[in-house]
Chemist: 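Dropping the structure in here first, questions after.
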Amino acid sequence: HRDENQYVNNPYFAEEVRRKLLELYGEKGVLENGLIAHTTVVPNYQKIAEEALRHGLEAYDMRYGLHSDPVKNIGTANWAETIKGVDDPAGTGDLQLGVVLESGDKEATIGLKSGKKAVITFNKMKWAKRKGQSAPSKVSDVLKVGDVWLTEPAGEEDKGRPVHWLRQIPEVQGGLIVMDPHTGRIFAIAGGFSYELNQFNRASQAIRQPGSAFKPFVYLAGLEAGFTPATLILDAPFVLDQGPGMPKWNPQNYTNDSLGPTTMRVGLEKSRNLMTVRLANYVGMDKIVDICNKFGVIDNLQPLLSMSIGAGETTLLRMVSAYSTFVNGGKKVTPT
C-alpha cells in the first residue's frame, strides 16, 4: 500500500519516459520485462511548471478576447443540483464551472458545483471582447443568467464574497522544461495546457522557430571573431538585395526604431534585430552554422542571413540543452 502523497500524476513526463523506453527496449521489452524506471522528476517542480504554463497561456489567450461559448444553459431553478450533472470540458483542470444566477452592470453572482456562491466583477471579465465586436461595457453584456462558464478563484473577496475570473480553454499552446544545466537532469516537463485535451508534447516534439533565443549563438560567433562587449555595431536600417525579381529583404527591430552605433553588449541585452543581422553579415553565416552544429541547436541550418534572427527550426528541449552549455562554460550536457 502506498500513501496518497506517493502517487504523482505527471502525464507529459511519464509519456516522455515511455517513449524513451520504447526506443531503447522495444514494445515487448517494456510491456513484458517488468522494468522499473527511475526518473529525475521533482513533483513540486512539476506542479509549479504546469501551473506556470497554464497561467501564462491563459493570460496570453485573454489578451485576444473571448472565443468560447457558455458550456451550457441550465437556468437557475434548482441550480445547485443541476450543475453537478454538467460535465467538465476536457482540459478544465483546476478551473471551476459556475452558473450565472444574477447579472448586472458591475458584477454577476455565480453558483459553483460545491453549492457555494461567488461573484465575477467587471474587472475580472472585461477582457471578454469578441472578435469584430466592441468591448463589454457591463458584466451582463457577456454573462447571461442560466449560462454555465468556466471560472477560476481570483484569491480575493468583494464584500465578503469570493471573487472569480471568467476563464476559457486557451486556443494557444506552449511547452516548458525545467532542467539542471550542470547535469542535464530534467526535473519537470509541461507539454501543453492539458494532457487530457491533447497528448502532443510541445516541449520535446514540437518543431518551432527559436526566434530571438537563437541570437546568443550569433553573438558568440562575434566574440570568436574578435569582437568584445564594447565593440560598436551600427543599429540602423539594413537592406539586402535578394536577386532579380525578388523583393529586397528589410528586417526591422521589434520597436521599429534604431539606436545608431551601439555596443555589442546592449545589442544582446535588448535583442536588437538589426545589430544581430549586421554582426552575422560581418562574421559570416558559415561560422554561425558551425557553432550551431557544435551546440546541437539546429540540424542542417541553412547559411542564410535571415537565420541569424531565429528563422531556423528546432525543439525546446534542444534549445534548453544548448543554453546549458553557456552555463557550464562550454561543457555540453545530454538531457536525461
Side-chain angles (χ1 to χ4, degrees), residues 57 60-61 63-64 131 171-175 177 200 202-326 330 332:
L57 293 174
Y60 181 92
D61 189 70
R63 291 199 292 272
Y64 290 86
K131 188 175 182 179
E171 290 183 322
V172 66
Q173 284 286 359
I177 293 177
F200 183 68
R202 284 94 184 162
S204 61
Q205 293 178 293
I207 304 298
R208 68 185 74 195
Q209 290 187 340
S212 293
F214 184 76
K215 290 176 183 174
F217 302 100
V218 178
Y219 284 88
L220 177 59
L223 291 173
E224 290 193 342
F227 282 58
T228 74
T231 300
L232 294 178
I233 301 173
L234 183 60
D235 185 19
F238 182 95
V239 180
L240 180 69
D241 189 347
Q242 301 187 81
M246 296 289 289
K248 288 181 169 54
W249 185 54
N250 182 24
Q252 302 289 326
N253 286 324
Y254 179 76
T255 51
N256 288 322
D257 64 353
S258 53
L259 304 176
T262 306
T263 63
M264 191 170 80
R265 174 172 179 165
V266 171
L268 179 57
E269 287 176 351
K270 296 187 178 295
S271 189
R272 306 294 287 182
N273 288 340
L274 294 174
M275 292 179 66
T276 306
V277 170
R278 266 200 173 77
L279 177 61
N281 191 47
Y282 179 83
V283 302
M285 282 302 299
D286 288 341
K287 292 183 179 179
I288 295 171
V289 169
D290 183 51
I291 287 176
C292 194
N293 291 335
K294 289 177 180 177
F295 278 75
V297 183
I298 301 172
D299 289 329
N300 303 316
L301 179 71
Q302 298 182 60
L304 304 175
L305 204 52
S306 60
M307 299 296 172
S308 65
I309 47 179
E313 294 181 336
T314 187
T315 65
L316 178 60
L317 182 60
R318 293 184 69 173
M319 285 300 297
V320 170
S321 175
Y323 263 63
S324 69
T325 310
F326 288 122
K332 187 176 180 179

Chemist: To check you understand the geometry: which heavy-atom pair defines the closest contact between Tyr323 and Ala213, and what is its length?
Modeler: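 That would be OH-O, 2.5 Å.
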Chemist: Hey, are the side chains of Met285 and Leu305 touching, using non-hydrogen atoms and a 4.5 Å cut-off?
Modeler: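 Yes - at least one pair of side-chain heavy atoms lies under 4.5 Å apart.
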Chemist: Once you round to the nearest 0.5 Å, how far does CD1 of Ile288 lie from CZ of Phe214?
Modeler: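 So the CD1 of Ile288 and the CZ of Phe214 are separated by 6.5 Å.
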Chemist: CG/Leu301 to CG/Asp286 distance, rounded to the nearest 0.5 angstrom?
Modeler: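 The CG atom of Leu301 sits 10.5 Å away from the CG atom of Asp286.
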Chemist: Please tell me if the side chains of Leu223 and Met264 come closer than 4.5 Å, counting only heavy atoms from C-beta onward.
Modeler: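 A side-chain contact under 4.5 Å exists here.
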Chemist: Would you say Tyr64 and Val172 make side-chain contact, with heavy atoms under 4.5 Å?
Modeler: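 No, every pair of side-chain atoms sits at 4.5 Å or beyond.
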Chemist: If you look at every heavy atom in Val218 and Ser308, which pair is closest and at what distance?
Modeler: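 Closest approach of Val218 to Ser308, heavy atoms only: CG2-O, 3.4 Å.
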Chemist: Would you compute the distance between atom CG of Leu316 and atom CZ of Arg202 and round it to the nearest 0.5 angstrom?
Modeler: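 The distance works out to 12.5 Å.
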Chemist: Given side chains that start at C-beta, do those of Phe217 and Ile298 come closer than 4.5 Å, heavy atoms only?
Modeler: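 The answer is no; the side chains never approach within 4.5 Å.
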Chemist: Check the side chains of Asp257 and Thr255 for a donor-acceptor pair under 3.5 angstrom, ignoring hydrogens and angles.
Modeler: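 Present: a donor and an acceptor within the cut-off.
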Chemist: Starting at CG of Asn253, measure out to CG of Asp235 and round the result to the nearest 0.5 Å.
Modeler: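 With rounding to 0.5 Å, CG (Asn253) is 4.5 Å from CG (Asp235).
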Chemist: So, taking the atom named OG1 in Thr276 and the one named CD1 in Ile309, what distance separates them when rounded to the nearest 0.5 Å?
Modeler: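 Rounded to the nearest 0.5 Å, the OG1-CD1 separation comes to 7.5 Å.
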Chemist: Tell me, do Phe227 and Ile233 make a side-chain contact under 4.5 Å, heavy atoms counted?
Modeler: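 Heavy-atom side-chain distance check passes, below 4.5 Å.
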Chemist: Applying side-chain hydrogen bond (donor to acceptor under 3.5 Å, both in side chains), run through Arg272 and Ser258 and close with a yes or a no.
Modeler: CA-CA 9 Å; Arg272 306 294 287 182; Ser258 53; over 6 Å; no
Chemist: State the CD-OH distance between Glu171 and Tyr60, to the nearest 0.5 angstrom.
Modeler: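 Reported to 0.5 Å precision, the distance equals 11.0 Å.
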Chemist: Would a 4.5 Å heavy-atom cut-off, applied to side chains only, mark Val277 and Trp249 as touching?
Modeler: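 Yes, at least one pair of side-chain atoms sits under 4.5 Å.
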Chemist: Could you tell me whether the side chains of Ser324 and Ser321 share a donor-acceptor contact shorter than 3.5 Å?
Modeler: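 Checked: Ser324/Ser321 side chains show no N/O donor-acceptor pair below 3.5 Å.
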Chemist: With a 4.5 Å heavy-atom cut-off, do Ile291 and Glu224 have their side chains touching?
Modeler: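 With C-beta onward as the side chain, the pair touches.
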Chemist: For Ala311 and Ser306, work out which heavy atoms get closest and say how close.
Modeler: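 That closest heavy-atom pairing would be CB-O, 3.4 Å.
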